[in-house]
Amino acid sequence: MRAESASDRRRRRAALGSAAFLVAGPGTVAGVVPWLLTRSAPRRPFPGGAVTRAAGALLIGAGGVTLTTAFAEFVRDGLGTPVPAAPPTELVVDGLYRHVRNPMYVALAALVLGQALLGGRRRLLGYLAVMAVPVSVFVIYREEPVLRERFGEQYERYCAAVPRWLPRVRPWHGTA
């Protein structure tokens, strides 16, 4: 039996921290808050009926897969967590991060939009719009400057090639 390396221990701690944060952070933003906002609101289905509901279900599924995959990539490739107190030690630019710089935030938006469409919950569209403001401000004025300082030219090349919010169709294959 081989001894556990320092990177194995760091990856294990990152996985535990990421799992806890996934439940506390995104679980609250895309689960608890939408439930609290809509539990007493009347349902008025959106136009399109079954097609709109199917689109909502697809967005929820895609958002859930994207969110958990992005968290796993942070642990595997970055040896860290999305929690600012325990950030990755490596810039994560593989997997989903080859298509969009912020797959976790995009996934959260997909989850909320999907719930709105699936359940005919117009209130969640307002929540999504309101939620986008502090997320955008945080990413642009806090997260990106920290990453620029931490990873320098490597992060600059990545930003020049990979969009912040709207995923590119073809994955970026540059080296960061």
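Counting from 1, the numbers follow the sequence of the chain as shown. Predicted model, so just to flag it, every value in this text is computed and none were measured.
- Between Gln154 and Val93, every side-chain heavy-atom pair lies at or beyond the 4.5 Å cut-off.
- We find the CD-CZ distance between Glu143 and Arg164 to be 10.0 Å, quoted to the nearest 0.5 Å.
- In terms of heavy atoms, Arg98 sits closest to His173 at NH1-CA, 3.5 Å.
- Annotation: Glu149, atom CD; neighbour count of heavy atoms from other residues, nucleotides and ligands within 6.0 Å does not exceed 12.
- Follow the hydrophobic side-chain contacts under 4.5 Å out from Val137 and you never reach Val135; the two are in separate clusters.
- For the pair Arg101 and Cys159, the minimum side-chain heavy-atom distance is below 4.5 Å.
- No chain of hydrophobic side-chain contacts below 4.5 Å, direct or via other Ile, Leu, Val, Met, Phe, Trp or Tyr residues, connects Ile140 to Val106.
- Ring pair Trp172/Tyr158: centre-to-centre distance below 6.0 Å.
- The main-chain N or O of Arg123 is never found under 3.5 Å from a side-chain atom of Arg121 such that the two would form a donor-acceptor pair.
- Here the side chains of Leu124 and Leu113 are not in contact, with every heavy-atom distance at 4.5 Å or above.
- Taking the side chain as every heavy atom from C-beta outward, Thr38 and Gln115 never approach each other to under 4.5 Å.
- With hydrophobic clusters built from ILVMFWY side chains whose heavy atoms lie under 4.5 angstrom apart, Phe71 shares a cluster with Leu111.
- Nearest approach of Pro167 to Pro163, heavy atoms of both residues: C-CG, 4.4 Å.
- Annotation: side chain of Glu144 is in contact with side chain of Val139 (closest heavy-atom distance under 4.5 Å).
- Heavy atoms only, all atoms of each residue included: Pro88 and Phe151 are closest at O-CZ, 4.2 Å.
- When every heavy atom of Thr68 is checked against every heavy atom of Val65, the shortest pair comes out as OG1-O, 3.2 Å.
- How far OG of Ser136 is from OH of Tyr141: 10.0 Å, rounded to the nearest 0.5 Å.
- Between the side chain of Thr66 and the main chain of Ala107, no donor-acceptor pair closer than 3.5 Å is present.
- Residue Gly48 comes nearest to Thr52 through the heavy atom pair CA-OG1, 3.4 Å, listed as atom of the first residue, atom of the second, then distance.
- Looking at heavy atoms from C-beta onward, Met104 lies in side-chain contact with Tyr97 at the 4.5 angstrom threshold.
- When atom types are taken as modelled, the side chain of Asp77 and the backbone of Val92 share no donor-acceptor pair closer than 3.5 angstrom.
- The aromatic rings of Tyr105 and Phe138 sit perpendicular to each other, their planes meeting at more than 60°, with 30° as the lower class boundary.
- Between Val100 and Arg168, the closest side-chain pair of non-hydrogen atoms is not below 4.5 Å.
- At least one donor-acceptor pair closer than 3.5 Å links the side chain of Glu73 to the backbone N or O of Leu96.
- Leu91 and Val75 are members of different hydrophobic clusters when ILVMFWY side chains are connected at heavy-atom separations under 4.5 Å.
- The local environment of CZ in Arg142 is sparse, with at most 12 non-hydrogen atoms from other residues, nucleotides or ligands closer than 6.0 Å.
- The two residues Ala30 and Val112 have their closest heavy-atom pair at CA-CG2, 4.2 Å.
- A cation-pi contact, defined as under 6.0 Å to the ring centre and within 45° of the axis, links Arg122 to Phe46.
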